[in-house]
Every structure is written in structure tokens, then in C-alpha cells.
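Please read the structure below before turning to the comments.
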There are 2 protein chains.
Amino acid sequence: MKKKRISQADVAREAGVSVTTVNLVLNGRQNTRISEEAAERVRLAAEKLNYSTDPIARSLRTGQTRSLAFISDNVTVTRYASAMIRGVLDAAEARGYTVLMAEIGDHLERQGSIVESMLERRVDGLLFGFMSARKIDLPALLPDTRTILINATAEGLPSILPAEHEAGTAAVNCLLAAGHKRIAFIGRSEKVYDPYLSVTIPRRYAGIDEAMQAAGLSFVAEFQGHEWEPELGYEGTLRLLDDGAKFTALLAANDRVAFGAYRALQERGLTVPGDVAVMSFDDEQLATYLHPQLTTMRLPYREMGYLGVEMLLADAPTEPGSETLVPMPLVERSSIIRR
Amino acid sequence: MKKKRISQADVAREAGVSVTTVNLVLNGRQNTRISEEAAERVRLAAEKLNYSTDPIARSLRTGQTRSLAFISDNVTVTRYASAMIRGVLDAAEARGYTVLMAEIGDHLERQGSIVESMLERRVDGLLFGFMSARKIDLPALLPDTRTILINATAEGLPSILPAEHEAGTAAVNCLLAAGHKRIAFIGRSEKVYDPYLSVTIPRRYAGIDEAMQAAGLSFVAEFQGHEWEPELGYEGTLRLLDDGAKFTALLAANDRVAFGAYRALQERGLTVPGDVAVMSFDDEQLATYLHPQLTTMRLPYREMGYLGVEMLLADAPTEPGSETLVPMPLVERSSIIRR
DNA sequence: CTGAAAGCGCTTACAG
DNA sequence: CTGAAAGCGCTTACAG
């Protein structure tokens, strides 16, 4: 990595012009009235010497780094959420930006020092990405630091969220469209109305409830719970069945809950989708392992990551406090049939 | 982000000394014989002005950036492999390094330009991280660029790999120790002997076979396949059963295969671990969803990531072409009982 | 149409 | 014990 670098001065010498000329030509400046002949000599010389501009020196001079920081909580380590990183990386690369990454885990208190160190490195913008959509308190930021939150909200900052209300409605409508009227629901929870726990789940519930109401229906049975793991789906389904609930369709809070529900249904000799149709949320890989494969509303992690970068680097800054909603596509597989 | 920066010159003015003195003090240089009194004034002034050194300017001068590049194929987007990123990030942070990330997906041909752009940014080292351990061809690198491959190998470069041979042996021994003698194996494949497809799977097979041989045993039945998805486990198990194979334990190539095997076993009215014990590899989250939870050999992604950074930044460069093996821990859960 | 020079904020060899 | 100055490689206001 030593190897003396080729500088604009070297190119200038080779081409027999000044570094000003070299710089102007190589940066493709317009209206500079450098003779095409000189410009050509510069380009040839640069090519010959295999010159590439030193981004560090440029940054020192311009104050811009063409880099951005992506700071997350537990995204790397969370199942399908890590796709958000891919979205960020792809979008950044498309625009010639480099991504500096840091992950703080559950140590939210470390945000301050991480942000500081990123800012010291003069990133052109800050992207925060969270595993599950909730409100967070960010350290006071320089007012002119471009910042976007992905899958989170914070006072006075623009954020990108999944369109959960819409998705809740779509999930129910999907079941209704297949002719189901007796629907059970597993995974409602009151806890979740604290924005520091979730900002989107209440919206999902609202979307679900509105769709049911619009159809003049209510759930024939519900099993509550906020730990959305297979255990909940398993126990909830058994309980509903034991209580004698009669339902032809089951709405699960997420794929893991659905996973548990499948097991319970199977143990009771019930088949999916013949006896019970199942609809879910998230679309983690698990959904494709199930038999039959699970129909579910996809959480658009990758898209949110991609959009985050685009908004961060857009010409006009995003309005503070605004929310950009990203659609959650319905992924139709085999867990629902017409009845 | 504008905000005129506080520089060492500002601190010098405030403290009434030269920038040389400021620099020496703030960098904690030894043997510099600056009066303790002057040093104290400098520290106070820096504190008061809230000075922090500009890493860009420092980099321009020193040629070092305290940053490293992590370049991966599909790590962000692959199930549990994304934990490798966390390991990298944690280790880098512990040493005060920043990580520049890029992911190239299946476009291995893009490696060249990505590496170039990272090198232009003067990263102090290059880390390559791959989803599954295989041999890759890297673009010719500057000979003095520190480089480490995580979960991959390349001509003349040091690499970090999971200790698969050892793990294969341990998996079999675990079954043997529980008293099993009639063992079936699903997931052997000849394809995998091409190093560009895998460098570690053949070792795993070797470890498995040696342990069996050492016990004077061979598998009572095998079902081949290299697409290690649930489908293979499902069909393989059914086939073995239909062929009348009598086994008390099943060794699955990975957790997904085991997942499929569970389903087949259950359909045939066989219970795990009562009728058939199951042993597997990977330890993805899936393993904990299964009932009973799966005993498996864990792929140490996070540890490999962490170690990669440590080796990259170690005082002595790692020997070219060397291999560092990271143990795969046995994660005992409930899919095996004594017989 | 093109160049000389200043300056971004550091670090360091040199001088005293 | 401490300071003045050069230089890393750019960009840009200014001069001609």
C-alpha cells in the first residue's frame, strides 16, 4: 500500500500543462474553454499513468466524502431483516457512495459516540436502520446533518416504514375474497401500543379491524400474545380448538406464529388449507419451508434500505417528521383456498 | 455539516503554544519533553473548544485511514450467515476501526472494481466474506495489501474456515456416544469435491467417515443430494424408510435437511428422538423451531468475522496461504437420546 | 485559453 | 523544551 501515488501533478507534468488544467479536464468541468487539444493530452496522460483521484485529498478540500453511515440495532443478526443492508449497499453503490457500517445491538446508549465518530469521518449523511419499527430517541444531531430512519421513527426526523395499515386490510381481504367468514386471529397484544415498542403494529391491527368491520364481521375467536414465536401459534391454536371455536381461516401475527399453528393443526388432524386457511405477515424464509407454503404479507426490508439511501442523497432533503410508507406485497402461496 | 471545524491551530491559539506542541500532546507522544504545564494548557484548551481531530486530514498525511473494507458475496441476504457481519463490526469497533461494506451478490466479476474503489479510499486492509466456504479467484492485489478471506480460500491468501473435519467427527461421535449403531446419512454428494463449489464439505464427509470407520461401522443407508433444502430431507427419509432401512439415528447434512426429515418421520408415525435420533449441521434459527429442538454442529459465522478483523489488524501479517480453523461447537438440544 | 498560489487540517523532520 | 515550515493531493478564486 506504500507505492507512491500518481497525482494530478504527475499527470500535469506528463501532459505539459498545469494541475489546474488537469483538474478541470479530469473533473469534466463545463464552460472551461480549455482547448480540446490540451484536454485530450491530459486524458491520454492520465490514462497512461493510470491516474485515479485520491478521495481523501478531495474530501479534505471539499468537505464531502461521498460516503454515508448506516447505523443499526440488531439488523445484521436478525433473520430476514438483514436484507435491509443489501438494499442500502446496492443503492449506495449505484450512486457511487461508500457505506460505513456500525451496529450497536441493544446498547442504544452507544448511539451517541458512534454518531460522533461517523460525523468526524465527515459522512454525507446518516441512515439508521432498525430491526422492528419503533420509536427511538436519537442524540441531538447537527441540524444540517441529513438523516433518515429506516423502520423506526424519531422526533422531527423523516422515516421510512412498512405500510402496515394497508397490509392489515389486504390480509383480511385476501381471506374474505376466498370466501372465509369465520376467521380466528392469533397475536393481538395491548402492550404494543407503546410507540417505543412498536409504531406499526397498532396500524396493522387497525387495518385488520377496519377490513373486518367493513365486511360486517368480527373474529370468531382470538388468542392474545406479543411474543410472536412458534410457541404462541402452537398454544394459541390448541386453545382455540379446545375452546370449541369454529373457524375456517386463521390470521397469524407473523410467520413464526403461523409455523406453530401449523403444528397444532396437524396434531389435531386438521389440514391446511383444506380445513383451515392460514394467512400471515413477514415472509421470512421459513414461510417457504412450511407445507403447504405460507401465504403472507411481505415486510419490504430490502426496498426500505434502498429507498433510504435514495432519499438521503436526493437533491431536496426529505421533510422532517415525514413518513414514507413502503408497500407490503401480498405473497400468495398455498395456505389459502377458496371455500 | 458546514460549521467551521475546530483545528489544532485553534487549540494552539487558545493555549498559547504552537500547533506542533498541540499535536504532540494530543497524540500522547512519549519522550517529547513538553512541560507538564504546557501539556495541561493544551488539554484544557482542547477540552474547552471541544476539539476532535479530523481523520481525513490525518489520513492524507499518514496514508492510514483506520478503516477496513468488508466485501461479501451474499452474506447480508443469507439466513444466519449475516452474523459474520456482526462479528466484523464488533471487532472493528473494539479496535477503533471503521468498516466500509460492499456486497457483490453473484457478480463475482464486480470484485475488481469494488476492490479498486476500496483501495482508492485507502483502507488499511481487505476482508472478504463468503456465504459458503469455497475457493474463489481474486483480482491480483497489491502485494502489500493486507487481505484475509473469511469462509473462503484463494491462491496465496490466508483464510479462515470452520473446522469441518473435526465437526464431522464430533457429530458422529455424539451419536455413537448415545449408543447408536444403525445410522443413516442424508446429503452426501460427489459434486461438492470441486473446490470452487466447496472446500469444507469434503472435509466434513471425511471427518464423518473416519469416525464411523474408527468405530468399525458404516451407514446402514444413505440418500445422496447436494441441494440441502427441506425437500431433500423429506424425500430422502421417505425413500430410506420405503426401502426398508432400519436405523435408529439419522445424520442430516444441515438443519434444513433435518427439517424435511422431521416431517417425513412424523408422517410415518415415527417420533424424534424416541424412534429416530437426529443430528445435524449449521445451527440456523430453524433448529430451535423444530420439535423436539435440533441438536446440531454450529457454523461459527460470527466468530469467523470477529477473528478476521483481529488477524487483519494483528501486528504480524498472517502467513499467505495459511488456514485458520474455527471450531464448530456442538449445540446439544433434544433430538438425541441414549438408547 | 491557462497557470501560480492558497488552503483544507494534519504530522514530522529540522532548527534552535 | 518548543516552534516554523514543508508537504500529503486535491480544488478554486484570482490573475493575465
Side-chain angles (χ1 to χ4, degrees), chain A residues 1-43 45-46 49-67 119-124, chain B residues 1-43 45-46 49-67 119-124:
Chain A
M1 234 111 73
K2 279 286 116 65
K3 262 306 189 321
K4 191 174 147 301
R5 270 193 96 90
I6 305 296
S7 70
Q8 291 181 354
D10 297 321
V11 177
R13 203 171 309 116
E14 177 75 20
V17 296
S18 74
V19 301
T20 306
T21 304
V22 170
N23 183 278
L24 264 21
V25 171
L26 262 24
N27 284 339
R29 289 304 181 80
Q30 303 301 325
N31 306 328
T32 176
R33 294 189 311 167
I34 286 177
S35 67
E36 186 43 48
E37 189 251 330
E40 193 52 27
R41 278 213 314 280
V42 168
R43 280 187 288 263
L49 298 179
N50 195 18
Y51 170 81
S52 73
T53 129
D54 182 342
I56 306 258
R58 172 183 282 164
S59 294
L60 180 60
R61 180 61 229 240
T62 63
Q64 309 243 298
T65 54
R66 296 191 76 74
S67 69
L119 255 20
E120 262 173 27
R121 287 185 181 257
R122 304 242 198 102
V123 293
D124 297 335
Chain B
M1 235 110 77
K2 279 286 115 67
K3 263 304 192 308
K4 192 176 146 301
R5 271 194 95 90
I6 305 296
S7 70
Q8 291 180 354
D10 298 322
V11 177
R13 202 171 311 117
E14 177 75 21
V17 297
S18 73
V19 301
T20 306
T21 303
V22 169
N23 183 278
L24 264 21
V25 171
L26 262 24
N27 284 338
R29 289 305 181 79
Q30 304 300 325
N31 308 327
T32 175
R33 294 190 309 168
I34 288 178
S35 67
E36 186 43 49
E37 190 250 329
E40 192 52 26
R41 281 213 314 281
V42 168
R43 281 187 286 263
L49 298 179
N50 194 20
Y51 170 79
S52 74
T53 129
D54 182 342
I56 305 258
R58 172 183 283 165
S59 293
L60 181 59
R61 180 61 229 240
T62 63
Q64 309 243 297
T65 54
R66 296 191 75 75
S67 70
L119 255 21
E120 261 173 27
R121 287 185 182 259
R122 303 243 199 102
V123 293
D124 297 335

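We name chains A, B, ... by the order of the sequence lines, and we start the count at 1 in each one. Every heavy atom of this structure was used, including side-chain atoms; hydrogens, water molecules and symmetry mates were not.
- Nucleic acid contact class of A:Ser35 (heavy atoms, under 4.0 Å, all strands): sugar-phosphate only.
- Side-chain N or O atoms of B:Asp54 include one that pairs as donor or acceptor with a backbone N or O of B:Ile56 at under 3.5 Å.
- At a threshold of 4.0 angstrom between heavy atoms, the contacts of A:Ser59 with the nucleic acid are absent.
- One interatomic measurement links the two molecules: CG of B:Leu26 to P of C:dG9, which rounds to 15 Å at whole-angstrom precision.
- C:dA13: no Watson-Crick or G-U partner with both key distances under 3.5 Å is found in any strand.
- Rounded to the nearest 0.5 angstrom, B:Arg121 CZ and B:Ser67 OG are separated by 9.5 Å.
- Residue-level contact check: A:Ala38 touches the backbone only, with heavy atoms under 4.0 Å from sugar-phosphate atoms and none from bases.
- In this entry the distance linking CG of B:Asp54 with P of C:dG7 reads 18 Å, nearest Å.
- Proximity of a side-chain donor or acceptor of A:Arg41 to a complementary backbone N or O of A:Ala15 within less than 3.5 Å is detected.
- By the 4.5 Å heavy-atom criterion applied to side chains, B:Glu14 and B:Ile6 are not counted as neighbours.
- Counting any heavy atom pair closer than 4.0 Å across all strands shown, A:Thr20 reaches a base atom.
- In this entry the distance linking CD of B:Glu120 with P of D:dC10 reads 10 Å, nearest Å.
- A:Arg58 has its CZ atom 19 Å from the P atom of D:dC8, to the nearest Å.
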